[in-house]
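Before any comments, here is the structure.
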Amino acid sequence: ILPLDNFVNQFVRIEEFFKLTWNGFVISHEIGIIHLVLTVLAIISCLVLFKKQRKLSLFIFFGLLLLFISLWMQTIQSLNLWLLFSPLQFIQFPWRFAGISIFLIALLGGSSVQLIKSSNLKFIFAAIFGMAILLVQNHYFKPQNLKSNATDKDFIILEDVYLPKEYLPIGVKADPPRKITLPALADNYQEVPITNLVKRSNFYSFSINPEKATEIVVPIYWFPGWRSFRDGQEMTLKKQPKTGLILLSLPPDKQKIVLKFTDTPLRRIGNFVSLFSLIGVCGLSFGWLRRKSSA
């Protein structure tokens, strides 16, 4: 039996694109009725505008082609391609191509507005379809059930039991002999006395007073960007070879330990690329609007 996270088990049946399947256990792969209408309008636009606006017509044509490819990549019919190009398997779930499909449908729907000459009618068209999408997809806004007294602890699943190992950082080769939720001794995983514990997704701090020099592991997997500080001074941060947990060497003294998840140079570059891309898109949009208003 293949595991659930194997891409072969995650293909979408064609009928699922047109079927309402929404509950706590089944992922909906529905394209959406209004979205299908927008796709049909895009096809009509491509045919109507073919002679009048050749560039726009070709743009819509290639958009439709990419849309159908993205939908095809989600179905079992594309299995041979997934097997032929093994890097595709790192995507893991074929239905992740739905993100491309959704973007293309929105883009094509906007392009079909070019069939309308009046600016006021274009606005009305967009408003009607926007409201229609909200009304038709209203069932996605309704929770299956409500538990008013529930807390996060009632829903958080132990990652070492349920989470597939490929989600863990490279270098994690084995689980600790016992489950630890607090800093523990590196040799036997017995939890150590600590105070003033603060836990966040990118921050972890506590106070400790070991009687002798010792090594402890923190229940956080090492990942590039984690830095450790003892009483405000940066200290060496290591990882346990097999478990991949953060490993700290501490002297015998009362001390405050702080772990911070910070940006690496590669992440900073990515952030700058995202920022400049956003500025570029805003600049191009502003320039396009100015040209349209002056035309």
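All values reported here derive from a predicted model rather than from experimental measurement.
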_Whether the side chain of Thr39 engages the backbone of His35 through a donor-acceptor N/O pair (distance < 3.5 Å, no angle test) should be reported._
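Indeed, once roles are kept as given, a pair shorter than 3.5 Å links the two residues.
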
Using the rule that Ile, Leu, Val, Met, Phe, Trp and Tyr join whenever any side-chain heavy atoms are under 4.5 Å apart, tell me whether [X] and [Y] fall into a single cluster.
X      : Y      : answer
Tyr189 : Tyr204 : no
Phe203 : Ile246 : no
Val218 : Val172 : no

Nearest 0.5 angstrom please: [X] [atom1] to [Y] [atom2], how far?
X      : Y      : atom1 : atom2 : value
Leu237 : Leu259 : CG    : CG    : 6.5 Å
Ile91  : Met73  : CD1   : CE    : 6.5 Å
Leu47  : Ile43  : CG    : CD1   : 8.0 Å
Ile208 : Arg230 : CD1   : CZ    : 11.5 Å
Leu107 : Ile105 : CG    : CD1   : 11.0 Å
Asp187 : Ile216 : CG    : CD1   : 12.0 Å

*For the pair Phe276 and Phe272, name the ring-plane relationship: parallel under 30°, tilted 30 to 60°, perpendicular over 60°.*
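Ring orientation, 0 to 90° scale: parallel.
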
*Give the ring-plane orientation class for Phe97 versus Trp82, where under 30° counts as parallel, over 60° as perpendicular and anything between as tilted.*
perpendicular

Does [X] [atom1] have over 12 foreign heavy atoms under 6.0 Å away?
X      : atom1 : value
Gln233 : CD    : no
Gln190 : CD    : yes
Phe59  : CZ    : no
Ile33  : CD1   : no
Phe123 : CZ    : no

*Quick one: does NZ or CZ of Arg96 land under 6.0 Å from the six-membered ring centre of Phe93, within 45 degrees of the ring axis?*
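Because its charged atom misses either the 6.0 Å distance or the 45° angle limit, Arg96 does not stack over Phe93.
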
*Kindly indicate whether a cation-pi arrangement holds for Lys260 with Phe229, taking the cut-offs as under 6.0 Å to the six-membered ring centre and within 45° of the axis.*
yes

*Pair Trp95-Gln10, side-chain donor/acceptor within less than 3.5 Å*: yes

